[in-house]
Amino acid sequence: AAMGLDTEKFLKRTAETVADCKNPNSNSNPGVSLGLILGTAAASFKRDKVTLICSDSIHDLGAWLEQLLAESTGKEGHGLIPVDREPLFKPEGENKDIYGKDRVFAYIKFAGDDDTEQGTVVSALEKSGEPVVRIVIDDLQQLGQVFFQWEIATAVAGSVIGIDAFNQPDVEASKIVTRDLTSAFEKSGSLPEEKPILEADGIKLFTDEANAKELLKGGNSIGSVIRQHMDRIKPGDYFGLLAYIPMFPKYEEQLQELRKEVLESEHVATVLGFGPRFLHSTGQAYKGGPNSGVFLQITCDDAKDLPVPDQRYTFSTVKAAQARGDFQVLADRHRRALRVHLGKDLTAGLDQLRDLVCAAIEH
């Protein structure tokens, strides 16, 4: 309704797909057939990264699908890892092998958009032998049909993978740690003290004992630790940026550039989530899904802060507690994770981080 769509027409169109998804013939059932593709690709061919390519008019559909897939299937060491808004490349020439053999590409096209560039990349992906699912919608009233098709598909894929698509056990785990931290703040007026493993040039590095042991093998400088961390990326892994910073376009652009550099160099899927927003979407898969993620959590000193009404703590305190709770559960799940804390000049800090990561992957 907020988009200006005719809601009665929207629901009637969606009801058509609801009926289609009751068809016992899977070949004529849009939800079941898509779910069988995704589930079989992951379970039998290790293609568990679902790369989402959406037309400009429905660009944010990727964020919705990201939550649906990750939160529903990422558990018990299995799951589909959604890859949204990743920079696109044609797999040809020097980029012939840029995509590993661990992906399915889902191209959701709105016929009203001029998607020539996207379409050219998708055609090149198909030509190179990559599995591509194409879904075309003629008008925005069909969005409900897309929603329902993917909801059924996600449940079916979960069944094929062998998990319950209807719970989120690892989301609750980080909530518990966050509540413990904010309770501690209420009592003492500060979060429990934490000590960086390294501090230099305005950057602090934090991690747990097990990760620190691995990361300090290459030396005791910021650059050497980041290099050691990036060296842990192997074929079939994915690289995750977990950014507890303001979700401003300028910062997203800087992080997108960082994703591009890692994709070009390491040839692995890359994901980007802004915290604490992503905790209720991809956060479940990062903690409960396959242990194939190499994570770089980014925190910063907030330029401004606001009090939480009727509480001793502030919004910055809550965000810091959520970041620490998120990281602790990643560590408890034996994930490869490093936290980089930047200062108040976030633009300069992100540029500095990009230079460090680029130096690490180019060595």
Side-chain donor-acceptor pair present, Ser174, Asp326, cut-off under 3.5 Å | no

Asp102 bridged to Lys46 by N-O distance under 4.0 Å | no

Nearest heavy-atom neighbours spanning Ser72 and Thr154 = CB-CG2, 3.4 Å

salt_bridge(Asp139, Arg13) N-O dist < 4.0 Å | yes

Between Asp351 and Gln254: side-chain donor-acceptor atoms closer than 3.5 Å = yes

Beyond-backbone contact of Tyr99 with Glu130, side-chain heavy atoms, under 4.5 angstrom = yes

Report the residues that fulfil side chain to side chain contact (heavy atoms under 4.5 Å, CB included) with Ser224, sequence neighbours left out, ordered by chain and then residue number.
-> Ser221, Arg227

Connected via hydrophobic side-chain network under 4.5 Å: Val340 and Val262 = yes

Step-by-step side-chain contact (heavy atoms from CB on, under 4.5 Å) determination, Val18 to Cys21 | CA-CA 5 Å; Val18 174; Cys21 286; 6.0 Å; no

How far apart are the closest heavy atoms of Pro276 and Lys319, and which atoms are they?
-> CD-CG, 4.2 Å

Indicate, with yes or no, if the rings of Tyr244 and Phe278 have centres closer together than 6.0 Å.
-> yes

Determine the minimum heavy-atom distance between Leu346 and Cys300, stating which atoms define it.
-> CD1-CB, 3.8 Å

List for me each residue that meets side chain to side chain contact (heavy atoms under 4.5 Å, CB included) alongside Asp20, sequence neighbours excluded, and say none if there are none.
-> Pro30

Closest non-hydrogen contact found for Gly79 with Pro290 is N-CD, 3.8 Å

Inspect the contact between Arg85 and Asp60 and indicate whether a charged nitrogen and a carboxylate oxygen are less than 4.0 angstrom apart.
-> yes

Thinking salt bridges, do Asp332 and Lys287 make one under a 4.0 Å N-O criterion?
-> no

Around His334, counting heavy atoms of other residues, nucleotides and ligands shown, do more than 12 lie under 6.0 Å from its NE2?
-> no

Is there a side-chain contact between Thr14 and Leu143 (heavy atoms, below 4.5 Å)?
-> no

Please determine if Arg232 and Glu214 form a salt bridge, counting it only when a charged side-chain N lies under 4.0 Å from a carboxylate O.
-> no

Sidechain N-carboxylate O distance under 4.0 Å for Glu86, Arg103 = yes

Any residue meeting ring-ring contact (aromatic ring centres under 6.0 Å, His included) with Phe327, in chain and number order, not counting sequence neighbours | none

For Ile98, does its backbone N or O pair with a side-chain atom of Asn95 as donor and acceptor, under 3.5 Å?
-> no

Do other residues, nucleotides or ligands put more than 12 heavy atoms under 6.0 Å from the CG atom of Asp201?
-> no

Verdict with supporting geometry, Glu209 and Lys213, salt bridge (Lys or Arg N to Asp or Glu O under 4.0 Å) | CA-CA 6 Å; Glu209 187 176 342; Lys213 187 176 179 181; over 6 Å; no

Flag the pair Arg339 and Glu194 as a salt bridge only when some basic side-chain nitrogen lies within less than 4.0 angstrom of an acidic carboxylate oxygen.
-> yes

Please tell me if the side chains of Val122 and Thr120 come closer than 4.5 Å, counting only heavy atoms from C-beta onward.
-> no

Shortest non-hydrogen contact from Ile108 toward Trp150 = CD1-NE1, 3.9 Å

Under a 4.0 Å N-O cut-off, is there an ion pair linking Lys260 with Glu264?
-> yes

